[in-house]
Amino acid sequence: MTEADKGFSRRHIVIAVDGPAAAGKGTLSRRLAEHYGLHHLDTGLTYRATARALADRGLPLDDEALAAEVAATLDLSGLDRAVLSAHETGEAASRVAVMPAVRRALVEAQRRFALTPPGAVLDGRDIGTVVCPDALIKFYVTATPATRARRRHDEILANGGRADLAEILADIERRDARDTGRTDSPLRPAADAHLLDTTEMGIETAFEAARTLVDAALGR
Ligand code: DC
């Protein structure tokens with residue numbers, strides 16, 4: 001490889017960030033995308049948008065062929081977490097996410113997104129294991145369920161909402177069980193992922209740790 005090939009701006013870069021809900025992967029991914037000038041896709045939103053589109057059209061959530069059809073026509077450019085943040089949308093998303101035909105359609109769209117120059121940071125549950133197994137670098141961001149529940153709780157309060165910590169914790173544990181227990185593409189770290197446990201670490205420390213590792217992978 002020549003020095004020019006190693007040049008940051010000339011190289012297509014894909015960064016995979018996986019982990020359970022509320023571990024900090026979204027914030028970390030946005031920071032990495034901003035720092036390296038890459039696109040960012042929160043793949044959880046693709047599952048949320050599919051579930052939401054079915055509900056909005058009054059269609060059932062458990063018809064796999066129908067859900068896959070909706071997933072295949074999804075426009076990835078207009079996904080907004082604020083619009084898709086409702087608790088019921090998250091629940092419905094984790095139900096459509098167990099359907100292999102839905103996953104096939106969304107993974108195809110996510111892979112196309114990853115190919116957009118100059119590259120992208122994708123965050124989700126199966127990016128390093130299924131969507132982009134050849135990513136330049138992979139992170140698995142985690143934290144204890146109690147820490148993640150407290151973060152989610154504080155976030156809701158900061159946005160003026162009302163929340164019950166015990167309920168959020170139960171919800172997180174239920175979601176973890178569904179995400180790690182499903183047969184197709186369960187949540188798990190890729191063998192070559194760097195583990196970032198954000199239980200004690202602030203997001204800034206996690207970002208610095210990730211940045212050092214990405215720089216090293218880029219030969220900088
Ligand atoms: O991260 P989130 O809460 O927005 O994700 C919503 C659901 O989508 C979650 O239960 C897991 C699922 N999901 C998935 O199966 N694969 C991904 N790459 C991203 C999310």
Side-chain angles (χ1 to χ4, degrees), residues 14-30 33 39-55 61-62 64 67-68 70-72 74 76 78-114 120-133 135 138-143 145 147-149 151-153 155-156 159 163 167-190 193 198:
V14 175
I15 300 176
V17 181
D18 289 302
K25 61 185 188 305
T27 311
L28 177 70
S29 301
R30 272 190 299 279
H39 304 286
H40 171 231
L41 180 64
D42 172 348
T43 61
L45 294 184
T46 64
Y47 291 91
R48 284 176 181 261
T50 301
R52 183 65 179 269
L54 287 166
L61 269 181
D62 56 358
E64 182 164 350
V70 168
L74 204 66
L76 266 54
L79 302 176
D80 182 350
R81 183 155 283 272
V83 174
L84 297 166
S85 67
H87 174 75
E88 309 76 62
T89 309
E91 268 298 304
S94 82
R95 287 175 55 197
V96 299
V98 303
M99 299 172 174
V102 171
R103 302 201 69 87
R104 272 195 301 278
L106 292 180
V107 166
E108 197 186 308
Q110 292 160 10
R111 285 185 179 144
R112 271 199 308 273
F113 183 94
V121 182
L122 279 80
D123 75 80
R125 306 290 195 284
D126 60 342
I127 309 303
T129 51
V130 175
V131 182
C132 302
K138 303 174 185 177
F139 295 104
Y140 190 84
V141 186
T142 188
T147 304
R148 292 187 280 129
R151 280 189 198 144
R152 189 46 57 88
H153 177 259
E155 195 180 282
I156 296 171
N159 290 328
E167 249 174 50
I168 295 176
L169 179 59
D171 181 49
I172 278 185
E173 287 175 336
R174 205 168 41 239
R175 194 76 70 78
D176 283 358
R178 202 177 287 155
D179 291 345
T180 55
R182 68 173 175 240
T183 319
D184 189 349
S185 318
L187 168 65
R188 63 178 173 80
T198 65

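Atoms within a ligand are numbered from 1 in the order they appear, just like the ligands themselves. In this chain, numbering begins with 1 at the start of the sequence shown. Basis for what follows: all heavy atoms, side chains included, without hydrogens, waters or symmetry-related copies.
Paired with K25 under the rule side-chain contact (heavy atoms from CB on, under 4.5 Å), one option of T142, V121, V17, D18 passes, and it is V17.
Counting only heavy atoms of the protein, atom 3 (O) of ligand 1 lies nearest to R48 NH2, 3.1 Å. Counting protein heavy atoms only, atom 7 (C) of ligand 1 is closest to A93 CB, 3.8 Å. Here the protein heavy atom with the shortest distance to atom 20 (C) of ligand 1 is G44 CA, 3.5 Å. Atom 8 (O) of ligand 1 has its closest protein heavy atom at Y47 CB, 3.5 Å. Looking only at heavy atoms of the protein, atom 10 (O) of ligand 1 is closest to S94 CB, 2.9 Å.
Ligand 1 places these atoms under 4.0 Å from at least one heavy atom of D179: 9 (C), 10 (O), 11 (C). Close contacts of ligand 1 with T43, meaning ligand atoms under 4.0 Å from a residue heavy atom, involve 17 (C), 18 (N), 19 (C). Within ligand 1, the atoms closer than 4.0 Å to a non-hydrogen atom of A97 are 12 (C), 15 (O), numbered from 1 in the order shown. The atoms of ligand 1 that sit less than 4.0 Å from any heavy atom of D126 are 16 (N), 17 (C), 18 (N). Shown in contact with G124 at under 4.0 Å from a heavy atom are these atoms of ligand 1, numbered in order with element: 18 (N), 19 (C). Within ligand 1, the atoms closer than 4.0 Å to a non-hydrogen atom of R81 are 1 (O), 2 (P), 4 (O), numbered from 1 in the order shown.
Put simply, the side chain of L45 reaches to within 4.5 Å of the side chain of R48, judged on heavy atoms. Proximity of I127 to T43: side-chain heavy atoms (C-beta onward) are separated by under 4.5 Å at one or more points. Using a 4.5 Å heavy-atom threshold, the side chains of Y140 and L187 count as touching.
Under 4.0 Å is where a charged nitrogen must lie from a carboxylate oxygen, and between R152 and D171 no such pair does. A salt bridge does not link E155 with R151: every distance from a Lys NZ or Arg NE/NH1/NH2 to an Asp or Glu carboxylate oxygen is 4.0 Å or more.
At least one heavy atom of R182 sits closer than 4.0 Å to an atom of ligand 1.
Comparing R103, R125, E91 against atom 15 (O) of ligand 1, the shortest heavy-atom distance belongs to R103.
Between A67 and M99, the shortest heavy-atom contact is CB-SD, 4.1 Å.
Side-chain atoms of S94 and R174 include no donor-acceptor pair closer than 3.5 Å.
No donor-acceptor pair under 3.5 Å is formed between the side chain of R95 and the backbone N or O of D62.
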